[in-house]
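Computed from a prediction, not measured in an experiment: that's the story for all the values here. Order of listing sets the numbers, starting from 1, for every ligand and every atom in it. Side chains included, hydrogens not; waters and symmetry mates left out as well; all remaining heavy atoms used.
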Amino acid sequence: DGDAVATLRTPIVAVLGHVDHGKTTLLDRIRGSTVTEGEAGAITQHIGATAVPLETVSELAGSLVDPTDFDLPGLLFIDTPGHHSFSTLRSRGGALADIAVLVVDVNDGFQPQTIEAIDILQRTETPFVVAANKIDTVPGWNPQGDVPIQESYDAQSDRARETLDERLYELIGELADHDFSADMYWRVQNFANNVGVVPTSAETGEGVPDVLTVLMGLSQRYLKDAMAIDVEGPGAGTVLEVKDQKGFGTAIDVVLYDGTVRADDTVVVGSTGEPIVTDVRALLQPRPLAEIRTEKRFEQVDAVSAAAGLKIAAPDLDDAMAGAPVRVVRDRSREEVVQEVQEELAAIGVTTEEEGVVVKADTLGSLEAVANTLEEAEIPIVRAEVGDVAPRDVTVASTADEERHETVLAFSVDVLDNAEQQADEGDIRIFESDVIYRLVEEYEEFIAERER
Ligand code: GTP
Ligand code: MG
C-alpha cells in the first residue's frame with residue numbers, strides 16, 4: 001500500500017551469458033526452484049524476473065553478508081535467453097539492468113554470446129561480476145555444497161585446485177583481451193576499475209554465497225545514489241509478455257524500473273498499432289522468489305514500486321507488444337506520454353526489404369533476435385511483426401518473387417487455422433519453432449534440399 005513505498009529502489013540485476021552456461025540454474029539455486037526443468041529444449045526463451053528480498057540474500061550468503069550493512073531492499077534478477085541478443089532489455093534507450101552477472105562456463109570459456117554480452121556491458125557501462133561457473137566439472141573436484149568458495153577451494157586436492165586456477169586465469173586473460181582488468185574477486189580492492197571473478201557451481205551451490213555478496217556490495221557501493229529516486233513518481237517499465245490471466249482477461253507482465261504504478265492509474269502501453277491508453281483494472285504481484293514467467297499465484301495489490309516484476313490487467317491490452325514501453329500517465333498529459341512511447345518504439349527497428357520472407361515472433365525482442373539471425377544468414381525479410389501467423393501474412397508470403405521466399409518463419413507464436421488452410425492451398429511453407437537457430441536452420445535445410 002501507499003505508505004510501504006520504499007525510498008531506495010531495488011537494483012535490477014541482469015544475468016547474461018552464452019547458451020547453457022548456467023544462467024537459469026544459478027537463479028534456480030538462488031530461488032530454490034527448478035525453472036530450468038520446465039523449459040522447451042532446456043533453453044530460456046523469454047526474459048523473466050525474480051525479486052529476491054534482502055533477508056534471502058543474506059540467508060544464502062551466510063556469514064559473508066551482514067544485512068545491517070545494507071539498506072537496499074534486495075535484488076531484482078532478470079533472466080535472459082543466452083541465444084538472443086537481449087535487445088528487449090532496454091529502458092529509455094539504455095540498459096534496463098543496473099548491474100549484471102556474466103555467467104561463463106569455466107570449461108567453455110568465452111563464446112559468441114559471452115562476447116555479445118560483454119560488448120553490451122561495456123557500451124552501457126554496466127558494472128558486473130563474472131560467475132566462472134561449473135567448477136564442479138573440474139576433474140577430481142570434490143563437491144562441498146552451497147558454501148563460500150574459499151571453504152570449498154581449501155577442501156580440494158592440489159591437482160583439482162591447479163586445474164581450476166589455470167582455467168580461471170585463462171578467463172581473466174580473455175577478459176583482458178576485451179579491455180577489462182579482472183582478478184579473483186577476493187583480490188579486487190576497487191570494483192570500479194576491476195572486474196571480480198567468482199568461481200561458482202550453480203549445480204552444487206559452491207560460490208553462490210560469494211556471487212550474492214559481491215552483487216550486494218557492488219549495488220550498495222556504486223548504485224546507492226542512483227537508487228535514491230522518487231519511487232513515488234509515475235511508473236515506467238518494459239512489457240515482458242502479453243498473457244491471458246484467469247479472471248482478469250488480458251494482462252501484461254512488466255518489469256517496472258522507475259516510479260510507482262497504482263491500481264487507479266491510466267497507463268500507455270506500446271502496441272503493434274497506435275499506443276494503447278487504458279485504465280488499470282488490477283495489479284498482480286508474484287510472491288518474492290517466484291519467477292514471473294512460471295508463477296501461478298499472484299497477490300492483488302494497490303501499488304507497486306520499482307524495481308519489480310508485476311502483472312498489469314487492463315482493458316484493450318490484446319495488441320500490447322512484448323518488449324514495448326509502459327508508462328503511467330498520472331499528472332501529465334496523455335499526448336505527451338503517448339508521444340514518449342512512440343519515440344521509444346521507433347528506436348527499436350527491424351529492417352525490411354522489398355523482397356524476402358515473412359517473420360512472426362512473440363516479442364519485440366525475439367523479433368529483433370530472429371531478424372539478426374536471418375541477417376547473419378543473409379536471408380532478407382519482407383515483413384516482420386509481433387503476433388500469431390494470420391491469413392494476411394500468408395498473403396504477403398505468396399506475393400514473393402522468388403520461390404525460396406514464399407515462406408513464413410514463426411517463432412513462439414500460433415498459426416491461426418484459416419492461415420494454415422490458406423498456406424496449404426497456396427503451397428506456402430510455414431516454419432515454426434521455439435528455438436531461433438533451429439527455425440533458421442530448418443528453413444536453410446529446406447531451401448538447400450529443394451535447390452539440390
Ligand atoms: P539458456 O537459457 O539456454 O541460455 O541457458 P542457461 O545459461 O540458462 O543454462 P541452464 O541453466 O539452462 O544450464 C544448462 C545446463 O548446464 C543444464 O543441464 C544445467 O543443469 C547445467 N549446469 C548449469 N550450471 C551447472 C554447474 O554449475 N555445474 C554443472 N555440472 N552443470 C551445470
Ligand atoms: Mg536459461
Side-chain angles (χ1 to χ4, degrees), residues 13-50 60 77-89 100-118 120 128-149 152-153 156 160 163-164 167-168 171 197-212 240-241 291-294 363 365-366 369 372-373 411-412 433-439:
V13 186
V15 185
L16 308 174
H18 194 71
V19 178
D20 275 355
H21 280 196
K23 298 175 292 296
T24 305
T25 309
L26 180 66
L27 279 182
D28 277 343
R29 174 59 59 175
I30 292 168
R31 356 173 229 250
S33 68
T34 51
V35 169
T36 323
E37 283 170 20
E39 293 181 335
I43 283 179
T44 303
Q45 294 291 347
H46 296 290
I47 293 170
T50 304
L60 288 166
F77 284 93
I78 310 276
D79 190 10
T80 65
H83 68 296
H84 282 202
S85 42
F86 70 126
S87 34
T88 308
L89 270 185
V101 184
L102 179 63
V103 179
V104 187
D105 181 334
V106 279
N107 307 300
D108 251 13
F110 268 44
Q111 294 297 324
Q113 276 85 15
T114 320
I115 296 167
E116 184 185 85
I118 213 165
I120 293 170
F128 66 100
V129 56
V130 173
N133 194 36
K134 307 202 186 183
I135 56 169
D136 61 297
T137 60
V138 165
W141 192 261
N142 183 8
Q144 300 297 310
D146 47 7
V147 298
I149 189 61
S152 163
Y153 195 77
Q156 305 303 323
T163 312
L164 176 61
R167 294 188 183 169
L168 292 173
L171 197 57
V197 174
V198 186
T200 60
S201 166
E203 194 75 23
T204 68
E206 286 151 288
V208 175
D210 309 66
V211 172
L212 291 169
L240 294 184
E241 256 186 278
E291 166 61 78
I292 195 169
R293 271 191 294 144
T294 53
T363 75
S366 59
N372 288 345
T373 309
F411 174 73
S412 277
S433 181
D434 287 345
V435 178
I436 291 181
Y437 66 85
R438 283 195 206 139
L439 184 66

What part of [X], side chain, backbone, both or neither, has a heavy atom within less than 4.0 angstrom of ligand 1?
| X | result |
| --- | --- |
| T137 | side chain |
| H21 | backbone |
| T24 | both |

Handout entry: Per-atom contacts, ligand 1 versus V19 - under 4.0 Å to a heavy atom
Key = 3 (O), 4 (O)
Exercise for the section: Please identify which atoms of ligand 1 are closer than 4.0 Å to at least one heavy atom of N133. Expected result: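 It comes down to these atoms of ligand 1: 24 (N), 25 (C), 27 (O).
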Exercise for the section: Report yes if the side chains of V208 and L60 come closer than 4.5 Å at any heavy-atom pair, otherwise no. Expected result: no
Problem - Residue pair V13 / V101, side-chain heavy-atom distance below 4.5 Å - result: yes
So is there a nitrogen or oxygen of [X] less than 3.5 Å from a nitrogen or oxygen in ligand 1?
| X | result |
| --- | --- |
| A202 | yes |
| G22 | yes |
| T200 | no |

Practice task
Give the C-alpha distance, both sets of side-chain angles, the deciding distance and a yes or no for side chain to side chain contact (heavy atoms under 4.5 Å, CB included) between W141 and T163.
Solution key: CA-CA 10 Å; W141 192 261; T163 312; over 6 Å; no
Exercise for the section: Using the test side chain to side chain donor-acceptor pair (under 3.5 Å), find all partners of T200 that sit at least two apart in sequence or belong to another chain. Expected result: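 Here the qualifying residues are N133.
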Practice task
Taking side chain to side chain donor-acceptor pair (under 3.5 Å) as the test, write out the residues that go with T204, two or more places apart.
Solution key: S201, E206
Exercise for the section: Out of K23, Q113, H18, K134, indicate the one that has the non-hydrogen atom closest to atom 26 (C) of ligand 1. Expected result: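 Closest candidate by heavy-atom distance is K134.
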Problem - Residue selection (non-hydrogen contact nearest atom 23 (C) of ligand 1) among V106, T25, V103 - result: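 The option holding the nearest heavy atom is T25.
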Practice task
Look up atom CD1 in I135 and atom CG in D105, then write down how far apart they are to the nearest 0.5 Å.
Solution key: 11.5 Å
Exercise for the section: Could you tell me whether the side chain of H18 and the main chain of Q113 form a donor-acceptor pair under 3.5 Å? Expected result: yes
Handout entry: Donor-acceptor under 3.5 Å (Q144 side chain, N142 main chain)
Key =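 Yes, because the side chain of Q144 sits within donor-acceptor range (under 3.5 Å) of the backbone of N142.
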Exercise for the section: For the Mg ion (ligand 2), decide whether T24 has an N, O or S atom at a distance under 2.8 Å. Expected result: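 Here the distance criterion (N, O or S atom, under 2.8 Å) is met by T24, so yes.
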